[in-house]
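Here is the structure we will look at, set down as structure tokens.
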Amino acid sequence: MLTTGERPRELRWYHAGPMLFGDWGTSRLYVLGLAFAFTARASFWYVAAMCLLMIGVGWSYEIICRLFPDGGGVYSSAQRRSQLLAVIGGLLLCADYVVTASLSCLDAFHYLGLTGYSLFGLPVDALAAAVTILLIGWLNYFGPTKTGSIAMLVALATVVLTLVIGVACIPHLGHAFSMVESPLAHGARQSWIGFTEIVLALSGVEAIANMTGIMVQPVEKTARKAIVPVLIEIVVMNLILALAMTSLPDADLFVGGDHSKPTAHTGDMLKVIAAHYVSPGFAAVSSVVFAALLLSAVNTAIGALVSTQFMLSRDKELPQSLARLNRFGMPKIPLIVAAIIPAAIVLLFPNVEKLAGLYAIGVVGAISITLATTSTNRELALKLGERGFMLVLTMIMLAIGFTICIEKPAARSFALIVLVSGLAGRLVTIVSNKAVPISRNTRVAYTSLAGLAVAAELAIALIMGDDWKAFIPSSAIALIIGYASYETQKYRAALFEPAAHAPAAAEAAPLKPKMVLKGEYAPKERIMVPTTGNPKLIDFAMKEAKNRQAELDILFIRHIAVTPMGPTAPPTLSEDEDALDLFDRLRAQATAAGVPLRLLYGVARDIPEAILDMAVTHGADLLLLGTTRRGSLWKAMKGDVIQAVAEQLPERIGLLIHA
């Protein structure tokens with residue numbers, strides 16, 4: 001058996017840069033409008049302050065990429081200090097990705113102009129966003145699509161269009177600066193709160209740390225070359241656009257031009273800037289591209305949410321059912337969660353400002369944990385200045401997070417629900433394992449506690465809503481479930497060991513480890529057949545092998561369509577029930593036919609590459625592939641496996657296609 005689960009390091013800086021911009025740079029499309037909505041014509045100073053914070057965070061994440069070349073981010077950095085803290089960081093990332101998908105999709109329809117209408121008592125833009133999120137989730141059911149190049153082109157097109165807008169704004173910046181108001185006009189407290197309102201501009205920076213496991217070596221150099229140009233573009237253009245925004249006419253900024261009314265274009269401010277400084281036609285075209293970038297961010301967020309759940313499940317932190325893959329290599333339950341929850345959130349909070357509040361808590365929490373656990377870890381090779389700077393940033397991020405908890409009750413409740421639900425799932429995962437040495441009554445008690453905690457947290461949120469008094473019981477529940485999860489952590493090692501009462505694999509199933517069977521003849525050649533169980537293809541392969549007096553090599557490739565955020569063990573044959581059942585049937589069929597049989601199992605993210613690798617490694621003389629019944633849509637999304645294999649197959653290996 002050969003497992004091809006290692007992630008190839010193929011991501012270069014010019015790939016990672018646009019991918020980072022697609023996550024980090026997308027926030028500009030709503031941060032500008034939010035900044036004006038909360039701080040009006042003083043918004044330039046707040047955006048400038050946020051840019052300084054972004055520079056500090058960007059530099060810190062260059063260091064984090066250097067320290068964690070096999071996958072960084074909050075989970076990997078926190079794992080070095082506390083496994084429980086790593087899980088909390090992962091759960092906060094989940095909260096971040098949920099709202100990223102909701103907010104990005106809603107904002108996409110704002111740029112497309114679908115606002116001001118209602119249907120069934122709900123805003124049409126929110127309904128359209130919910131349906132679109134579900135549709136993107138459905139498309140992801142079929143595994144990774146060939147949209148990476150398209151997403152990169154959209155990101156680059158966005159940069160170009162934004163540069164055009166920025167250049168058009170430059171001649172007007174002098175006049176714009178004269179209209180900028182003082183950031184302290186409403187007092188220091190309100191100024192600080194206004195600053196925290198746009199902290200979601202930091203969202204997406206975790207993406208670069210999660211990419212390090214597939215970056216070309218040296219990772220430090222690749223990460224720096226990806227981060228620096230993106231950071232420069234974001235900072236410079238945000239400053240120019242924020243300044244230009246202050247001199248827009250009142251008619252463009254406020255409903256009816258009335259200062260006492262809400263901001264008119266919170267969700268599509270860049271479109272308004274483009275229309276005023278370039279032209280309405282340019283703004284209309286740009287808005288389509290901006291909407292495409294936002295929808296790409298939805299797809300990325302859904303994929304990241306699935307990956308995080310899959311990773312936590314593979315690490316035995318959440319129920320193993322979350323790691324079960326469909327035939328296309330996608331985790332089934334995490335994908336349902338990743339589509340339904342964001343769709344529900346956008347219907348519950350069909351407003352950019354409200355979603356922004358939910359968004360901030362996950363962003364701040366994840367970055368705070370990453371910075372804190374990295375800067376305080378004495379085992380990491382950090383210079384004194386680097387460590388000190390990251391500690392200062394940690395204090396700033398914690399202060400922002402504390403402010404959000406006070407000022408944004410909905411965000412506070414949302415974060416607590418996510419944390420309680422996740423920690424409850426972790427608690428159940430640990431205590432339900434039969435290898436854990438606890439009594440049945442203790443097991444039932446912990447499981448009941450987990451269920452009651454989740455139910456109580458949801459009930460408090462529904463009954464008490466945004467009332468500050470709800471924070472006390474909600475926090476108490478979170479502390480109780482967190483303490484229970486901490487207390488049972490000592491049993492976690494048992495999750496990685498077979499149950500003491502379980503028989504050895506050889507005793508339980510003596511035939512399963514047998515991967516090679518001798519037939520009725522000495523094989524003259526080898527026929528390799530990649531399949532997950534196509535009966536017609538297998539029957540044909542058996543007959544062909546017997547006619548040619550060949551050994552039949554059956555290759556079962558378990559396709560994984562998600563990339564875990566950090567080093568995570570790939571699935572093995574012993575836990576793949578589909579492969580084990582197929583191998584049992586094949587052994588019986590081969591024995592009856594007298595055909596020599598070799599069973600091979602692989603785990604791969606690139607199916608054609610895995611087939612080619614196995615064919616060469618095992619010396620196949622003939623590769624037998626079955627055609628797919630999937631149509632042109634499938635091939636457009638996924639590519640043609642047969643064509644990809646045929647183009648790279650060595651000449652010495654024959655290719656036979658069975659229709």
Side-chain angles (χ1 to χ4, degrees), residues 26-38 94-138 197-198 200 203 253-256 261-272 287 290-299 301-302 305 336-363 404 407-415 417-418 458 461-467:
T26 305
S27 61
R28 172 188 299 146
L29 296 172
Y30 38 80
V31 164
L32 290 171
L34 288 167
F36 194 89
F38 292 119
C94 287
D96 180 12
Y97 294 138
V98 165
V99 189
T100 297
S102 301
L103 178 56
S104 298
C105 202
L106 180 65
D107 207 41
F109 287 101
H110 281 212
Y111 274 93
L112 293 175
L114 195 65
T115 57
Y117 307 99
S118 62
L119 184 67
F120 307 122
L122 289 169
V124 170
D125 53 345
L127 284 170
V131 171
T132 302
I133 291 169
L134 293 174
L135 177 61
I136 293 174
W138 175 75
E197 296 283 8
I198 58 171
L200 69 166
S203 178
L253 293 173
F254 301 99
V255 176
K261 292 185 178 179
T263 305
H265 294 281
T266 304
D268 61 350
M269 186 60 75
L270 192 53
K271 178 181 179 180
V272 177
S287 293
F290 298 156
L293 182 67
L294 287 163
L295 292 177
S296 175
V298 176
N299 185 60
I302 288 176
L305 184 53
I336 294 172
V337 171
I340 291 178
I341 300 300
I345 290 294
V346 80
L347 292 176
L348 290 171
F349 301 92
N351 179 283
V352 170
E353 291 94 331
K354 290 182 179 180
L355 285 173
L358 298 185
Y359 201 169
I361 198 76
V363 175
I404 293 171
E407 298 295 325
K408 300 286 185 181
R412 184 177 64 230
S413 298
F414 177 66
I417 288 172
V418 171
L458 290 171
L462 290 172
I463 296 170
M464 302 185 72
D466 294 343
D467 193 325

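Just so you know, residue 1 is the first one in the sequence shown, and it goes up from there. Atoms considered below: every heavy atom in the structure, side chains included; atoms not considered: hydrogens, waters and symmetry mates.
Contact detail for C105 and L295: the closest heavy-atom pair is SG-CD2, 4.0 Å. The minimum heavy-atom distance linking T132 with A128 is given by the pair OG1-O, 2.7 Å. The two residues A360 and I404 come nearest to each other via the heavy atoms CB-CD1, 3.6 Å. Closest approach of A101 to P342, counting heavy atoms only: CB-CB, 3.8 Å. The shortest non-hydrogen separation linking I198 to A35 is CG2-CA, 3.6 Å. The two residues G267 and V352 make their nearest non-hydrogen contact at CA-CG2, 4.2 Å.
Under the side-chain contact (heavy atoms from CB on, under 4.5 Å) criterion, V131 pairs with no residue at all, not counting sequence neighbours. Taking F109 as the reference, nothing meets the ring-ring contact (aromatic ring centres under 6.0 Å, His included) condition, with sequence neighbours excluded. Residues satisfying the side-chain contact (heavy atoms from CB on, under 4.5 Å) criterion with A415, sequence neighbours excluded, are I361. Under the side chain to side chain donor-acceptor pair (under 3.5 Å) criterion, T100 pairs with D96, Y359, not counting sequence neighbours. For F290, the ring-ring contact (aromatic ring centres under 6.0 Å, His included) test picks out Y111, with sequence neighbours left out. Judged as a salt bridge (charged side-chain N to carboxylate O under 4.0 Å, His left out), and not counting sequence neighbours, the contacts of K408 are E197.
Rounded to the nearest 0.5 angstrom, S104 OG and N299 CG are separated by 11.5 Å. Atom CG of L270 is separated from atom NE2 of H265 by 12.5 Å, given to the nearest 0.5 angstrom. Residue D107 holds its CG atom at 12.0 Å from OG of S102, rounded to the nearest 0.5 Å. Atom CD1 of I133 and atom CG of L106 lie 8.5 Å apart (nearest 0.5 Å). Between atom OH of residue Y30 and atom CE of residue M269 there is a gap of 15.5 Å, rounded to the nearest 0.5 Å. Between L122 atom CG and L127 atom CG the span is 5.0 Å, to the nearest 0.5 Å.
Taking 4.5 Å as the limit, some side-chain heavy atom of L34 sits within range of a side-chain heavy atom of L200. Within the 4.5 Å cutoff, side-chain heavy atoms of V98 are placed close to those of F414.
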Audit row: L458, I417, side chain to side chain contact (heavy atoms under 4.5 Å, CB included) steps and yes/no: CA-CA 7 Å; L458 290 171; I417 288 172; 3.9 Å; yes
Between T266 and F36, is a side chain to side chain contact (heavy atoms under 4.5 Å, CB included) present by the stated rule, with each step listed? CA-CA 8 Å; T266 304; F36 194 89; over 6 Å; no
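Remark: the backbone N or O of K271 is not paired with any side-chain donor or acceptor of S287 at under 3.5 angstrom. S296 contributes no side-chain N or O that, together with a main-chain N or O of A292, makes up a donor-acceptor pair within less than 3.5 Å.
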